[in-house]
There are 2 protein chains.
Amino acid sequence: MSRWEPNARGRLEQAALDLYRERGFDQTTVTEIAERAGLTERTFFRYFTDKREVLFWGQERLRELYVRTIETAPESTAPIDTVVLALEAAVPVFHERRELARQRQAVIDANPGLQERELLKRAALAAAVTEALRKRGVADPVASLAADVGVIAFKTAFARWVNSPDEPDLSQLIREALDQLKAITRDDR
Amino acid sequence: MSRWEPNARGRLEQAALDLYRERGFDQTTVTEIAERAGLTERTFFRYFTDKREVLFWGQERLRELYVRTIETAPESTAPIDTVVLALEAAVPVFHERRELARQRQAVIDANPGLQERELLKRAALAAAVTEALRKRGVADPVASLAADVGVIAFKTAFARWVNSPDEPDLSQLIREALDQLKAITRDDR
DNA sequence: GTCTATAGTCCGATAGAC
DNA sequence: GTCTATCGGACTATAGAC
């Protein structure tokens, strides 16, 4: 038997999401989150640097998955296709947590401060993808442009996926978004 | 004669930029900014909702310029070209303030919190561009994809422009970035 | 685990412009 | 009189220091 309940981090994350949904992000104090998780405010700040960060777990795992997928992609793969491979490799992570993703996104969409943080996380992932492409010998600015295009395609696909009543395949939505993006940037129209 | 020195807002903006450069964003308090501008902390918060916002004046002007340019673009112009027209219309705004833009960007680049805010402002501009395209009859998701592609091209161009020792033309850098972006998304390679 | 600085809010007061 | 810009003080919660 251990002295504390296990999984303090997970309990804080769950308590925070629940409270943000119940009464809104601004109306929730860190003290309340900690109380509901059976911990103290101080402990909250040991796990998360601030009140927003508690919603963005899984970021690190996603980053590693992207980078690893890019590292192991066939050498001949074009930059943009390499990025798509990485995005598709992460699709199961989302499919397995559809309801959680939906709830989380609803909270974020209701608060500009959380949207800021989400954008920063997305930019950090784009930077990691850019770096992984560079390591494969992709020159700048092609590396960062390919990463950014991938982010746009994913963002577009995710927005549709997360709130659809039916359950479309995220991979397919990504490919669709990318196709539309290609059509837009094609010169011959 | 009025009771107060004129342009309280401008004085606060200048004082804030100077202090953020001198000692860093985190090491600067709102009280110090207000003091240097000859005002009180309370007055600072009447003009700006928070400490970051003071760096992002001009945002509204830029938004109006983008929207107006899109509204008045020739009907036959393709979505992506309409966006480029808008971006180019705003180029003089930057060319006229190169040194200020440089200083501001250096402060932002040194602080994640400010980067968050910058990303949110950029997203807000993209949303305004998307909306302006929709009003011209551009369907979704083409409207938002075109806006996002424009944002990427501008971001890429701006990053090069703002720190070049020589003074390249921002318009040309935007067109170059867009060309590279088109090459990346082209299927035939 | 306690203590503290500071961001950010609220309500109200005041002084001049119109 | 009304409107607007500044200031004052009290207050809470975040976040970091010790």
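Naming convention: chains lettered A, B, ... in sequence-line order (proteins, then strands); numbering from 1 in each chain.
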Would you list the pairs meeting side-chain hydrogen bond (donor to acceptor under 3.5 Å, both in side chains) in which at least one residue belongs to residues 53-64 of chain B, sequence neighbours left out? B/Glu53-B/Arg117, B/Glu53-B/Lys121, B/Glu60-B/Arg63
For atom [atom1] of [X] and atom [atom2] of [N], their distance in whole Å:
X: A/Asp26; N: C/dA7; atom1: CG; atom2: C1'; answer: 13 Å
X: B/Leu19; N: C/dA7; atom1: CG; atom2: P; answer: 12 Å
X: A/Phe25; N: C/dG8; atom1: CZ; atom2: P; answer: 12 Å

Contacts of A/Asp18 meeting side chain to side chain contact (heavy atoms under 4.5 Å, CB included) (sequence neighbours excluded), chain-then-number -> A/Gln14, A/Glu22, A/Arg36
Side chain to side chain contact (heavy atoms under 4.5 Å, CB included) against B/Glu32, all qualifying residues, sequence neighbours excluded: B/Leu19, B/Arg23, B/Thr28, B/Thr29
Within residues 29-58 of chain B, residues whose heavy atoms come under 4.0 Å of DNA chain C: B/Thr29, B/Val30, B/Glu41, B/Arg42, B/Phe45, B/Thr49, B/Asp50, B/Lys51
In the hydrophobic clustering (ILVMFWY, side-chain contacts below 4.5 Å, transitive), which residues join B/Val67, or is it alone? none
Please table the atom pairs, donor to acceptor, closer than 3.5 Å between any side-chain atom in residues 164-171 of chain A and protein atoms at least two apart or in another chain.
residue, atom, partner, partner atom, Å
A/Ser164, OG, A/Arg160, O, 2.4
A/Asp169, OD2, A/Gln172, N, 3.3

